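Each remark here refers to the structure printed beneath this line.
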Amino acid sequence: MNSSNEVAPAVQSILDAARERPGGSSRVAVDDARSLPAAFDAAKADGRNPVVAEVKPTSPTTEGTNEGDPVELAREMVAGGAAALSVLTEPEHFGGSVENYERVREAVDVPVLRKDFLLTESQLDAVEADVVLLIARFLGDDLAPMIDAARERGMGVLVEVHSEDEVAAAVDAGAEIIGINNRDLAALETDLGTFEAVAPAVPESATLLAESGISSAAEVRRMREAGADGLLIGTAIMDGDPRENTSDFVNA
Ligand SMILES: O=C(O)c1ccccc1NCC(=O)[C@H](O)[C@H](O)COP(=O)(O)O
């Protein structure tokens, strides 16, 4: 793994916990993974902004915990037009769980991203997933083997980056779906200018997501104009009525 000495204390704590988290007891094989790019194409074809709505009970930058049932929240997001969902499985800092993930995936028919801080192959085996998030900064030289390991299990892979150098590393490692995180993991602040600055480095052939900090219809349009094929939105959907919020972003 890369050195993590330039991350915020909360992120260091997330990584320390991730290193200790056990994986699954046996290797999983997903034979029915739902495709994120196909879901984005379907949304675009019927005039919806391709929104990945995130079931995010809490986070280091959120006050309090949303105690709502993840399945109910997920159904509301899909009813609001979400092309796909993201479900946190990180338990200590985001209130997530693999049980939440399994229940949501069973309850909906859109692709469900497993949102976690995965560091080892066996952690991929904790639950069958359509798509897993792999963070380039935290995996370093392990990124390519982790992408291969996820694909061997039948899962799609979203590689998260924050800089042009990380885009290059992600492309070298074989990433086909790339998410540019607007959240700076050193300061924990979001800046949509990050997506605008880094997106030109992403090859046209990749499916490109804008992640974090999107909180208005105007910002959805801004990210789409800068080249986002999909938008990952958590806090602004969880805060209030998730169905109405999702619908506002989908129809922005
Ligand atoms: O959301 C946080 O507070 C956070 C803190 C430290 C590391 C990661 C964090 N978030 C993970 C995410 O990627 C977001 O949940 C996701 O991109 C949605 O972001 P937002 O729409 O800003 O909730």
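This one's a predicted model, so the numbers in the text were calculated from it and none came from an experiment. First listed ligand is number 1; within each ligand, the first listed atom is number 1.
The proximity of L185 to ligand 1, defined as any non-hydrogen pair under 4.0 Å, is limited to the side chain. Residue contacts with ligand 1, taken as heavy atom pairs separated by less than 4.0 Å, involve R183 solely via side-chain atoms from C-beta onward.
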Run the numbers on N49 and R224 for side-chain hydrogen bond (donor to acceptor under 3.5 Å, both in side chains), then give the verdict.
-> CA-CA 8 Å; N49 285 312; R224 295 277 280 133; 3.2 Å; yes

For L133 and L118, what are the C-alpha separation, side-chain angles and deciding distance, and is it a side-chain contact (heavy atoms from CB on, under 4.5 Å)?
-> CA-CA 8 Å; L133 179 83; L118 302 173; over 6 Å; no

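For ligand 1, none of its N or O atoms has an N or O atom of N181 under 3.5 Å away. No N or O atom of A236 sits closer than 3.5 Å to an N or O atom of ligand 1. Residue E160 places no N or O, backbone or side chain, under 3.5 Å from any N or O of ligand 1. Polar contact check, T190 against ligand 1: no nitrogen or oxygen pair lies under 3.5 Å apart.
For atom 3 (O) of ligand 1, the nearest protein heavy atom (residue, atom name, distance) is T61 OG1, 2.5 Å. Remark: minimum distance from atom 8 (C) of ligand 1 to any protein heavy atom is reached at F94 CZ, 3.8 Å. When only non-hydrogen protein atoms are considered, atom 23 (O) of ligand 1 lies nearest to T235 OG1, 2.5 Å.
With hydrogens and angles left out, the side-chain atoms of S13 and H93 include a donor and acceptor closer than 3.5 Å. Side-chain N/O atoms of N182 and T190 include no donor and acceptor closer than 3.5 Å.
Closest to atom 14 (C) of ligand 1 by heavy atom, among K115, E90, E211, is K115. The residue among S86, S212, A53 with a heavy atom at the shortest distance from atom 19 (O) of ligand 1 is S212.
Looking at L85 and V110, their side chains come closer than 4.5 Å, going by heavy atoms from C-beta outward. Side-chain contact between V55 and M77 is present, with heavy atoms from C-beta onward closer than 4.5 Å. You'll find the side chain of L209 reaches within 4.5 Å of the side chain of L158, heavy atoms only.
Residue A10 places every heavy atom at 4.0 Å or more from ligand 1. Within the structure, ligand 1 has L188 among the residues with a heavy atom less than 4.0 angstrom away. At a 4.0 Å cut-off, not a single heavy atom of I214 sits close enough to ligand 1 to count as contact.
Annotation: E189, atom CD; neighbour count of heavy atoms from other residues, nucleotides and ligands within 6.0 Å does not exceed 12. Surrounding CG of D172 are more than 12 heavy atoms belonging to other residues, nucleotides or ligands, all under 6.0 Å away.
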